[in-house]
Amino acid sequence: MKENKAAYQVVDECKKEMIHLWEELVTMESGLFCKTETDAISRRIASFIEKIGGRTRGISMDDAPDVLIGEFGDMTQPFVVLTGHMDTIFKKGTPEERPFRIEDGKAFGPGVLDMKGGIVILLYALLALQKIGYKKYPIKVILVGDEEVGHQKSSAISAIQKEAVGAKAAFNFETGFVDGGIVVKRKGLYQFMVEVFGKGAHVGNDPENGRSAIKEIAYKVLDIEALTDWQQGNTFNVGWIEGGTVPNATPAYAKIVCDLRCENPDTLPQIKQSIEEVVKKTYVEGTSTKLTPLIEAKAMKKLDASMELFECVKKISEQEGFGTLYPKEVGGVSDSAYFTDLGIPTLCAMGVQGGRNHTIEEFAIVETLFSRTKLLCAVLLALA
Ligand SMILES: [Zn+2]
């Protein structure tokens with residue numbers, strides 16, 4: 001197609017600029033709960049969108065970075081959503097410690113894959129399409145700043161869902177997989193904390209009066225892990241344990257923080273019931289236990305309409321020489337869940353391809369920054 005070729009040419013001409021923007025975004029802080037810094041990234045992206053003819057607005061969040069909206073075209077018509085997040089899981093100062101660098105065709109740095117590369121992809125696909133006069137569908141960009149903390153302190157989820165009304169399709173530029181997997185389904189997540197309150201005592205002079213919170217929580221760790229049901233696809237992880245102070249005092253306090261990945265969201269109420277039963281059961285007389293829910297993230301549903309969209313993207317990718325794609329189902333959560341929740345066909349992990357995200361070995365394959373941008377152009381041009 002002539003239009004495809006023209007868009008690819010723009011991308012090819014912009015390769016250096018794309019790397020520069022990638023470096024700039026990785027260098028800018030946007031770690032956990034960094035509102036001021038992430039809002040600065042948001043303004044940087046907004047200025048890019050405005051420069052290429054889009055309109056922008058911020059939806060302000062009190063305790064979290066604002067949600068950035070970019071719009072192209074008449075939003076009263078069915079539109080396409082390009083979405084993702086601006087935050088990373090890394091603490092403040094990480095970009096300075098581990099600056100953006102490219103080595104042997106791979107880019108490194110905090111958030112290089114998850115998902116600052118994805119932001120560059122969606123921005124440059126928009127730039128290329130604007131340059132060739134794309135008019136087919138209105139496009140809405142939705143970028144959030146607190147995805148990595150599950151929107152704990154903000155109303156970003158309701159903002160996403162409000163903005164998504166009227167969308168005919170959504171593409172999320174999350175971490176792309178090297179194996180060509182495009183995510184069509186994600187498990188749901190429930191994180192919770194269990195605290196045990198016992199009674200401290202001198203273990204030499206007064207051992208019989210101690211009530212060990214550690215002993216009690218040890219039983220609970222095993223009971224919670226035992227709730228894992230591989231067949232149902234529900235897996236528990238007690239990922240963090242803390243308690244006690246010194247070896248010569250009965251521990252008066254202990255806590256665990258747990259994570260559940262849940263295949264079928266309909267079973268969650270029943271699973272929660274099982275967790276509560278574990279919490280209620282006491283092994284060490286005289287201890288008490290408290291359960292605190294922390295984060296709950298919806299599952300991304302595998303919609304028939306998403307699978308149709310996938311088939312279309314797969315065909316384009318093969319025809320245009322961007323490789324074979326396959327539909328992938330994963331346990332990691334993303335905001336794509338909030339689109340499928342509304343019945344909007346959604347494909348996730350459309351971003352730059354790489355691996356080891358959420359670790360210091362996170363990398364992205366530089367060439368895929370360009371190929372995925374071109375793929376997005378081709379998909380938007382072909383979308384029925
Ligand atoms: Zn991510």
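Atoms within each ligand, like the ligands themselves, are counted from 1 in listed order.
Applying the ring-ring contact (aromatic ring centres under 6.0 Å, His included) rule to Phe370 yields no partners; only residues at least two apart in sequence or on another chain are considered. Qualifying side chain to side chain donor-acceptor pair (under 3.5 Å) partners for Lys215, counting only residues two or more places apart in sequence or in other chains: none. Scanning for side chain to side chain donor-acceptor pair (under 3.5 Å) contacts around Glu285 gives an empty result, with sequence neighbours left out.
Annotation: cation-pi pair Lys374/Phe322 absent, no NZ/CZ under 6.0 Å from the ring centroid and within 45° of its normal.
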**OP:** Apply the test salt bridge (Lys or Arg N to Asp or Glu O under 4.0 Å) to residues Glu361 and Arg98: give CA-CA distance (whole Å), side-chain angles for both, the deciding distance (0.1 Å), then the verdict.
**Re:** CA-CA 10 Å; Glu361 292 114 42; Arg98 287 193 292 113; over 6 Å; no
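The count of protein N, O or S atoms under 2.8 Å from the Zn ion (ligand 1) stands at 4, with waters excluded from the count.
Between Phe171 and Phe339, the distance separating the two ring centers is not shorter than 6.0 angstrom.
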